[in-house]
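What follows is a single structure, written as structure tokens, with notes after it.
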Amino acid sequence: MCFLYLEILSRVRERFTQVVEEQFGLRIEQPALGFPPNADLGDASITACFELGKQLRQPPRKIAESVAARMLPMEGVERVSVAGPGYLNLYLDRAALAASVFETRAGHAAKVTTQAGDGKVLVEHTSINPNKAAHVGHLRNSVLGDTFARLLRFAGRSVEVQNYIDDTGVQVADVVVGFVHIEGKSVDEVRALVADPALRFDYYCWDLYARVTQAYEQDPALVARRLDTLKAIEEGHGPVAEMGELISTAIVRLHLQTALRLGIRYDLLVEESDILRLDFWKYAFELLKQRGALRFEESGKNSGCWVMSLSGEEGPAEAGEAGDTGEEGGERDVKIIVRSNGTVTYVGKDIAYHLWKFGLLGRDFGYERFYTYPDGHQLWRTTTNTQARGAPSFGGASDAYVVIDSRQSYLQRVVAAAFRELGYHEQAEHMHHFAYEMVNLSLSAAEALGIAPSESDRQRAYVEVSGRRGLGVKADELIDAVIEKALAEVRDRGMTSDASEQEAYARMVGVAALRYFLLKFTSRSTIAFDFKDALAFEGETGPYLQYSVVRARSIFRKAEGQPAIDAESGSPESAPSTDALQTFLEGAEGREFWELVVLAAQLEMTVRQAEASEEPAVLAKYAFRLAQAFNNFYHHHRVLAEPDPARRSFLLFLVRLVSETLSATLGLLGIEVPEHM
RNA sequence: GCGCCUGUAGCUCAGAUGGAUAGAGCGUUUGCCUCCGGAGCAAAAGGUCGCAGGUUCGAAUCCUGCCAGGCGUACCA
């Protein structure tokens, strides 16, 4: 029997619903639950009696009292009480919950899946234009996507991570223009640059891209070259296309390495060029026309275009919109999908891609092995050769998350609207735009980078990152800086003199600092990037979390070395007896221990909340609260010096339970824990 | 103009489905190593939750209107 919070709460709901139905003949859906402000008032509470009071025209407290009398017996719940104007508070069976959490964390119990988990979930993230080095904003995307994928897996879902590569877009074309028309380089010369070990090709392109953007402003002829170049790249043959391919593949490989430094991996790279060359759009276009989702404009400003109507995009719910009889006559809410010259817009390609994601296109890519990760994990890439065999089955998902910044909301809504127009309402519901806000530069960060803020920048107190202008913090430079700082700390503390160990620890600490920094903000919050905050190792930071686990593990290491402590209690394989647990979890001091157990028991519930709200920060905050609670405990109780063996055994059990929970949580955040730090 | 988002402590931010005394980190001030690791612990100070109404047993949270910011609304991607 499992007593983790998630299960207990659903049992409580069930029971409450049942009792209310028996007693009042009223069927309620999802009774409201809450958490009391402190453990004296209980471990969970039902707040539904207030709502019921209205319906039954009775005082909530009276209802709560009459229901309370019949809630028990219930597995996992020891006591029920009524408080205040009508809270129904539940006191859990402390020994049972503690033992259950321990069994689960120690891997003795079956892993809890927090939901039904039918079908594959696809998470698309990173998707950086392959024409320059990645910057902090891209890191936010990747870390959010990667963390979300990790917690979906924990929740029992089968997850496929895709990275969309816009290898035929204007941004790649711009860099090609730079090489060809500004630097006068040949394909071979660019190839030599890529191969040059002394040169960071992505940094080189970062600068070149900024130069090209500037050059466009001074030389209109160059803008014409840009169009030719884009066309050649889209068509896919000739030296220009070859150079585009060369650049984008080289940059993608560098982006993969950057992501890998933070522990981020992918399953599949989807290339836009393959979507074009396999005519995915043609099939999507046919489908859209067949089902009347697109309309050809014979006249007006959009004459010659295929457009999609966006009115009523929120589904059939809003029938009563009589207001727009104005001069535009509803023409306002249309989106051009096919231009008057016959070419398809970005949204069109995205519609085709998403149809494929859900297995609705009736077509598939070819696949080739692209990269093997150090741990053997295979990364695939799409190709036009659909005859190749041996690849796993990609796509065909039942849920798709797209991690893109919030500026893309409109386009995401257009894709969903297209699905509804096609009659795929179910799939439209399962398309999730995982939106997040930008990373800007704080004034001090801008200053550190030698960027002079404009007057309006000063007023807003931040500077916008701009790849186009070459303004921003390069991802690798930031990772270098944070690891370098961590290395200095690790050396200072002298935990090890082995240089390669020091480097390994510094890498883990630096990555933890950076990942946690990017995760602790909710995605709706704009980050004003500041070096001081991002490089902090104290307070609410990744290293603080790691440190907590390191301390806990250090106790076990020392415990094993003490002959007075037997192997069993030194590293408890099983929980203490029920009697012992009850004894130590009672009373004023027991309450302190109990609060730790409760917190640890809430991991699954927290993961579910993070998943449902599409908010990894929820999990990050949970990790911090758990670490704080543990550090507090650590400071107030000496485990190894405890003279009473039974009590020492219990304290070890508690340390084990919490540290296992915390390291599991850190795993979900992509944070590794070094042995020393 | 229309649409979406944001406004909480000096600074940076949490506050799921309305719930019990609005929290944390940083910074400031002050304590704590005879004790398993001080990247730590504890305490103090710091709040008209942008403003004004409304809904109800109860509002930082929901509704309306203002104010201030951001983003979007391309035959760009």
Side-chain angles (χ1 to χ4, degrees), chain A residues 30 32-38 41 45 47 50-51 53-54 59-60 83-87 89 129 166 168-171 173 230 272 301-307 332-333 335-341 343 345-347 349-350 405-411 413 435 437-438 440 442 459-460 486 489-490 492-493 495 509 513 520-522 524-528 530 532-533 536-548 550-552 554-559 562 606 608-610 612-613 615 617-618 620-621 624-625 628 631-632 634-642 651 655 676-677:
Chain A
Q30 288 283 25
L33 302 183
F35 296 98
N38 64 65
L41 291 170
S45 68
T47 52
F50 297 110
E51 184 66 27
K54 243 177 269 179
Y87 296 101
N89 291 336
N129 272 302
D166 186 6
T168 48
V170 279
Q171 293 216 14
L230 182 59
E272 184 173 272
K301 63 173 179 169
N302 296 331
S303 177
C305 298
W306 285 89
V307 304
R332 221 197 305 266
D333 288 338
K335 175 73 194 166
I336 290 167
I337 306 295
V338 179
R339 305 183 186 102
S340 54
N341 68 2
T343 57
T345 59
Y346 167 72
V347 209
K349 283 180 269 189
D350 219 30
D405 70 73
S406 62
R407 293 179 304 190
Q408 308 283 336
S409 320
Y410 173 68
L411 293 177
R413 282 210 309 275
E437 278 297 332
M438 304 280 83
N440 297 313
S442 67
Q459 273 174 13
R460 291 178 305 190
E489 293 280 340
V490 168
D492 255 16
R493 286 158 206 271
M495 285 301 171
V509 171
K520 73 175 179 180
F521 300 95
T522 54
R524 294 242 171 270
S525 165
T526 307
I527 299 180
D530 189 276
K532 184 171 68 63
D533 297 338
F537 295 161
E538 287 167 14
E540 193 191 344
T541 65
Y544 173 84
L545 304 178
Q546 291 173 309
Y547 186 66
S548 315
V550 167
R551 279 175 137 183
S554 166
I555 293 178
F556 291 115
R557 202 168 27 242
K558 295 243 161 82
Q562 282 188 16
T606 309
R608 190 194 181 91
Q609 192 188 328
S613 56
E615 194 60 89
V618 168
K621 294 285 177 189
F624 179 62
R625 274 190 297 139
Q628 246 183 344
N631 278 321
N632 176 289
Y634 180 90
H635 188 258
H636 291 291
H637 302 279
R638 280 163 299 163
V639 177
L640 297 180
E642 173 57 48
L651 293 175
V655 172
H676 302 283
M677 58 186 285

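In what follows, every heavy atom counts, from backbone to side chain, and hydrogens, waters and symmetry copies are set aside. Chain letters run A, B, ... following the sequence lines, proteins first, then strands; residues in each count from 1. Values in this document were obtained by computation on a predicted structure and should not be read as measured data.
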For the P atoms, the ones on B:U61 and on B:U55, what distance do you get once it is rounded to whole angstrom? 15 Å
Using a cut-off of 4.0 Å on non-hydrogen atoms, how would the nucleic acid contact of A:V347 be classed: base, sugar-phosphate, or nothing? nothing
Per atom distances to the A:E538 side chain, the nearest of B:A39, B:A20, B:G37 is B:A39
Can you tell which of B:A20, B:A77, B:A74 lies closest to the side chain of A:Y346? B:A77
How many whole angstroms separate atom CD of A:E437 from atom P of B:G7? 11 Å
With a 4.0 Å cutoff (strictly under), does any side-chain N or O of A:Q609 reach OP1 or OP2 of B:U17? no
Sort me out a list of protein N/O and nucleotides 9-13 of chain B N/O pairs below 3.5 Å, or just none if empty.
unit_1 : atom_1 : unit_2 : atom_2 : d
B:C13  : OP1    : A:T526 : O      : 3.0

Between B:C49 and B:A59, how far apart are the P atoms? Round to whole Å, please. 13 Å
Any side-chain N or O of A:Y547 below 4.0 angstrom from OP1/OP2 of B:A39? yes
Earlier contact from the 5' end, RNA chain B, for A:S409 and A:P36: A:S409
I want to check one thing: is the phosphate of B:A20, taken as OP1 and OP2, less than 4.0 Å away from some side-chain N or O of A:N38? no
If you look at every strand shown and take non-hydrogen atoms under 4.0 Å, does A:Q546 touch a base, only sugar-phosphate, or nothing? nothing
Presence of A:S554 side-chain N/O under 4.0 Å of B:G37 phosphate oxygens OP1/OP2: yes
RNA chain B: A:L33 or A:K532, which has the more 5' nearest nucleotide? A:L33
Does B:G38 have OP1 or OP2 sitting under 4.0 Å from an N or O in the side chain of A:R551? yes
Considering every strand and a 4.0 Å limit on heavy-atom distances, what is the contact class for A:M438: base, sugar-phosphate, or nothing? nothing
Confirm from the modelled atom types if A:S340 and B:C75 form a donor-acceptor pair under 3.5 Å, side chain to base only. yes
Donor-acceptor pair, side chain of A:T345 and main chain of A:I337, under 3.5 angstrom: yes
Could you please name the partner base of B:U29, counting Watson-Crick and G-U wobble pairs only when both distances are under 3.5 Å? B:A43
For the P atoms, the ones on B:G54 and on B:A60, what distance do you get once it is rounded to whole angstrom? 15 Å
Is any side-chain N of the basic residue among A:R638 and A:E642 closer than 4.0 Å to the acidic one's carboxylate O? no
Using a 4.0 Å heavy-atom cut-off, does A:R638 contact any base of the nucleic acid, only the sugar-phosphate backbone, or nothing at all? base
Which one, B:A20, B:C75, B:C26, comes nearest to the side chain of A:P37? B:A20
Taking the side chain of A:R407 as its heavy atoms from C-beta onward, which of B:A39, B:C71, B:G40 lies nearest to it? B:C71
Are A:Y547 and A:F537, when compared by the centres of their aromatic rings, separated by less than 6.0 Å? no
What are the two closest non-hydrogen atoms of A:P543 and A:M677, and how far apart are they? O-CE, 3.6 Å
Report yes if at least one side-chain N or O of A:Y544 is closer than 4.0 Å to OP1 or OP2 of B:C41; otherwise report no. yes
C1' atoms of B:C35 and B:G40, separation to the nearest Å: 13 Å
Anti or syn - B:C66, cut at 90° from 0: anti
How long is the span from the CG atom in A:L651 to the OH atom in A:Y634, to the nearest 0.5 Å? 13.0 Å
Picking from B:C57, B:A77, B:U73, the nucleotide nearest the side-chain atoms of A:F50 would be B:C57
Would you mind classifying the nucleic acid contact of A:F624 as base, sugar-phosphate or nothing, using non-hydrogen atoms under 4.0 angstrom? sugar-phosphate
Would you please determine if the base of B:G19 is stacked by A:Y87, with stacking meaning a centroid separation under 5.5 angstrom and planes under 30 degrees? no
Quote, to the nearest angstrom, the C1' distance that separates B:G15 from B:A22. 8 Å
Name the nucleic acid region contacted by A:T606, choosing base, sugar-phosphate or nothing; use a 4.0 angstrom heavy-atom cut-off, strictly under. nothing
Looking only at the side chain of A:R493 (C-beta and beyond, no hydrogens), which of the listed nucleotides B:A39, B:G25, B:A77 gets closest? B:A39
Fit a plane to each ring of A:Y87 and A:F50, take the angle between them on a 0 to 90° scale, and name the class: parallel (under 30°), tilted (30 to 60°) or perpendicular (over 60°). perpendicular
Would you kindly give the CD-to-C1' distance between A:E540 and B:G23, to the nearest whole Å? 11 Å
Scan A:Q408 against the nucleic acid and name what it touches under 4.0 Å (heavy atoms): base, sugar-phosphate only, or nothing. base
Note: A:D530-A:K532 ion pair, threshold 4.0 Å (strictly below): no
Given B:A39, B:G3, B:C41, identify the nucleotide with an atom nearest to the side chain of A:N632. B:C41
A:D166-A:Y346 side chain donor-acceptor pair, cut-off 3.5 Å: no
Which base, if any, makes a Watson-Crick or G-U wobble pair with B:G37, both distances under 3.5 Å? none
How many Å lie between CG on A:D530 and P on B:G27, as a whole number? 13 Å
Report yes if a donor N or O on one partner sits less than 3.5 Å from an acceptor N or O on the other, where the partners are the side chain of A:N89 and the base of B:A20; otherwise report no. yes
Scan every strand shown for a Watson-Crick or G-U wobble partner of B:G18, both distances under 3.5 Å, and answer none if you come up empty. none
If you measure from OG on A:S525 to NZ on A:K520, what distance do you get to the nearest 0.5 Å? 10.5 Å
Quick one: are A:V509 and A:E489 in side-chain contact, heavy atoms under 4.5 Å? no
Nearest-Å distance for atom pair CZ/C1', residues A:F537 and B:A39: 9 Å
Name the pairing partner of B:C4, where a pair is Watson-Crick or G-U wobble with both distances under 3.5 Å, or state none. B:G70
Using the P atoms only, state how far B:A42 lies from B:G25, rounded to an integer number of Å. 8 Å
Rounded to the nearest 0.5 angstrom, the OG1-NZ distance for A:T168 and A:K349 is 5.5 Å
When you compare B:C26 with B:C63, how far apart are their C1' atoms, in angstrom units rounded to a whole number? 37 Å
Categorize A:T47 for me: base, sugar-phosphate, or nothing, with a 4.0 angstrom heavy-atom threshold over every strand shown. base
Counting side-chain heavy atoms from C-beta on, which of B:C75, B:A20, B:G37 comes nearest to A:V550? B:G37
Under 3.5 Å for both donor-acceptor distances, Watson-Crick or wobble: does B:C62 have a partner, and if so which one? B:G54
Measure from the side-chain heavy atoms of A:I555 and tell me the nearest of B:G19, B:U6, B:C36. B:C36
Give the rounded distance in Å between these two atoms: CD1 of A:I336 and P of B:U73. 13 Å
Does a donor on one side chain and an acceptor on the other come within less than 3.5 Å for A:T522 and A:E615? no
P gap between B:U12 and B:G50, integer Å: 15 Å
Distance check needed: B:C32 P versus A:H635 NE2, whole Å only. 11 Å
